[in-house]
2 protein chains.
Amino acid sequence: MHCCIDICQIRCMSKQDFPIIALAGTDQAAGACCPPLVCEPLSTAEAEELASLFKAVADPVRLRLLSLIACHEGGEACVCDLTGAFDLTAPTISHHLKVLKQARLIDSERRGTWVYYWVNPGMLERLSAILGPHAMATA
Amino acid sequence: MHCCIDICQIRCMSKQDFPIIALAGTDQAAGACCPPLVCEPLSTAEAEELASLFKAVADPVRLRLLSLIACHEGGEACVCDLTGAFDLTAPTISHHLKVLKQARLIDSERRGTWVYYWVNPGMLERLSAILGPHAMATA
DNA sequence: CCCCTGATTAGATGGGCATCTAATCAGGGC
DNA sequence: GCCCTGATTAGATGCCCATCTAATCAGGGG
């Protein structure tokens, strides 16, 4: 029962309906919890939506940006705090921040001259849950 | 203390040394558990290694392949079980399986005429842990 | 031994994406 | 009002990758 609750939490975590890759497999199917029919492969539409999210983190610059922002004091960082860590121009950093923001992995706010970014932990947790042991059968 | 143990488990989960994005932030820094210095941004090399892993799952076809394999009875599937689910040619499916295998997300074995694939749960868990609440500060 | 089916490799092509330069927007001081 | 700094947008370019066709490898009958 509890694993089904976990699954529901994952699915209902945001406004959009997000699926998980695959649910409990053979081992748990034998128990009272999750019936076999729960293991349902991703639909094409679901896979495309998820893939676009994973694409946002599948870039070394964006991974480091996430890391730098999360590690920065107060959990937020201004763009000028970030550009120095890369051998890239400001527009390129801006582009990557935009990609992360469109994926809702980060959010931002302007305060006077500077724009501050912070991580949206809910989105990361959702991606984590999709790959996690609750979601993928342990073969 | 327990969160630091988790972190070590994540790092030591495989032969290669895999980092995590960012460790416990401000809230836990105040507690007795993880000192502030634990929060260290990804290096360039670490980010590139991780990005290549995420790239492997950042494709709708590969996500569905993972899902189909994990959901298939016995936790494994032959290539001929998979191709029917896509509007793609066999060589394309083969290409995607190769990408997943090179990322060590799946493994395979030939049995007579057919080649069987199964998911490597350890790799998925590692990716999951990197994005999970233990790894990324809750801002 | 030949052929048939399953699966992969090789090579070509087209689209998407990371990056740059140049230009524009936004705030703040003098 | 003007300029300076911070940040983003626009547009161009070059590379990587998903996909295809054609060819090759592997195993099993007849």
Side-chain angles (χ1 to χ4, degrees), chain A residues 42 44-45 47-69 72 76-118, chain B residues 42 44-45 47-69 72 76-118:
Chain A
L42 282 174
T44 304
E48 270 171 33
E49 196 164 13
L50 279 174
S52 72
L53 264 179
F54 278 115
K55 248 180 244 171
V57 294
D59 179 279
V61 175
R62 290 197 285 271
L63 277 175
R64 287 190 69 212
L65 281 172
L66 280 175
S67 165
L68 285 165
I69 292 170
H72 204 265
E76 61 180 22
C78 136
V79 179
C80 56
D81 294 326
L82 303 170
T83 48
F86 301 89
D87 244 2
L88 298 169
T89 63
T92 300
I93 301 299
S94 204
H95 158 72
H96 286 298
L97 288 170
K98 191 179 183 182
V99 171
L100 288 172
K101 187 168 180 181
Q102 283 176 336
R104 306 192 52 190
L105 288 162
I106 59 175
D107 209 342
S108 69
E109 181 189 20
R110 176 164 216 122
R111 292 189 209 131
T113 307
W114 300 278
V115 176
Y116 288 85
Y117 284 87
W118 59 89
Chain B
L42 283 173
T44 304
E48 269 170 34
E49 195 164 13
L50 279 174
S52 72
L53 263 180
F54 278 115
K55 249 179 242 171
V57 295
D59 179 279
V61 174
R62 290 197 284 271
L63 277 175
R64 287 189 69 211
L65 280 172
L66 280 175
S67 164
L68 285 165
I69 293 170
H72 204 264
E76 61 180 23
C78 136
V79 179
C80 56
D81 294 326
L82 303 170
T83 46
F86 301 89
D87 244 3
L88 298 170
T89 62
T92 300
I93 301 299
S94 204
H95 158 72
H96 286 298
L97 289 170
K98 191 180 185 181
V99 171
L100 288 172
K101 187 169 181 182
Q102 283 176 335
R104 308 191 52 189
L105 288 161
I106 59 175
D107 209 342
S108 69
E109 182 189 19
R110 175 166 217 121
R111 291 185 210 135
T113 307
W114 300 278
V115 177
Y116 288 85
Y117 284 87
W118 59 89

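Below, all heavy atoms of this structure are taken into account, side chains as well, without hydrogens, waters or symmetry copies. Note on naming: letters A, B, ... go to the chains in the order of the sequence lines (proteins, then strands), and numbering restarts at 1 for each one.
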Next item on the list: Check every atom of D:dG27, D:dA7, D:dT9 against the side chain of A:K98 and return the nucleotide holding the closest atom.
Entry: D:dT9
Check: Considering only C:dT8, D:dG27, D:dG6, which nucleotide approaches the side chain of B:R110 most closely?
Finding: D:dG27
Note to self: Quick one, B:H72 with B:W118, criterion side-chain contact (heavy atoms from CB on, under 4.5 Å). Give me CA distance, side-chain angles, the key distance, then yes/no.
What the structure shows: CA-CA 9 Å; B:H72 204 264; B:W118 59 89; over 6 Å; no
Margin query: Donor-acceptor check, side chain of A:R110 to backbone of A:G112, threshold 3.5 angstrom: yes or no?
Written below: yes
Check: Under 4.0 Å between a side-chain N or O of B:S94 and OP1 or OP2 of C:dT8?
Finding: yes
Note to self: Nearest whole Å is fine: how far is C:dG27 P from A:E109 CD?
What the structure shows: 13 Å
Note to self: As an exercise, state the distance from CG of A:L65 to CG of A:L97, rounded to the nearest 0.5 Å.
What the structure shows: 5.0 Å
What nitrogen or oxygen pairs link the protein and nucleotides 17-24 of chain D at under 3.5 Å?
from, atom 1, to, atom 2, distance (Å)
D:dA18, OP1, B:R62, NH2, 2.9
D:dA18, OP2, B:H95, NE2, 3.2
D:dT19, OP2, B:H96, NE2, 2.2
D:dC20, OP2, B:T89, N, 3.1
D:dC20, OP2, B:T89, OG1, 3.0
D:dC20, OP2, B:T92, OG1, 2.7

Notebook entry, point to check: Rounding to a whole Å, what distance do you find between A:L97:CG and C:dT19:P?
Noted result: 12 Å
Notebook entry, point to check: Watson-Crick or G-U wobble partner for D:dA23, using a 3.5 Å limit on both distances?
Noted result: C:dT8
Next item on the list: Report the C-alpha separation of B:K101 and B:D107 in whole Å, then their side-chain angles, then the decisive distance to 0.1 Å, and conclude whether the side-chain contact (heavy atoms from CB on, under 4.5 Å) test is met.
Entry: CA-CA 6 Å; B:K101 187 169 181 182; B:D107 209 342; 3.6 Å; yes
Next item on the list: Specify the separation, in whole Å, of atom CZ of A:F86 and atom P of C:dA18.
Entry: 13 Å
Item checked: Strand partner of C:dC2, provided both Watson-Crick or wobble distances fall under 3.5 Å -> D:dG29
Check: What nucleotide among C:dT8, D:dA26, D:dG6 has an atom nearest to a side-chain atom of B:V79?
Finding: C:dT8
Margin query: For a 4.5 angstrom cut-off between non-hydrogen side-chain atoms, does A:E76 reach A:I69?
Written below: no
Margin query: Under 4.0 Å, counting only non-hydrogen atoms across every strand here, what does A:Y116 touch: a base, just sugar-phosphate, or nothing?
Written below: nothing
Notebook entry, point to check: A:Y117 near the nucleic acid: base, sugar-phosphate alone, or nothing, with a heavy-atom cut-off under 4.0 Å?
Noted result: sugar-phosphate
Next item on the list: Provide, to the nearest angstrom, the distance between the CH2 atom belonging to B:W114 and the C1' atom belonging to D:dC25.
Entry: 17 Å
Mind listing the side-chain donor-acceptor pairs of residues 87-96 of chain A below 3.5 Å, one per line with the distance, residues two or more places apart or on another chain?
from, atom 1, to, atom 2, distance (Å)
A:T89, OG1, A:T92, OG1, 3.1
A:H96, ND1, A:R62, NH1, 3.0

Check: Considering residues at least two apart in sequence or located in another chain, which fulfil the side chain to side chain donor-acceptor pair (under 3.5 Å) criterion with A:T44?
Finding: B:R64
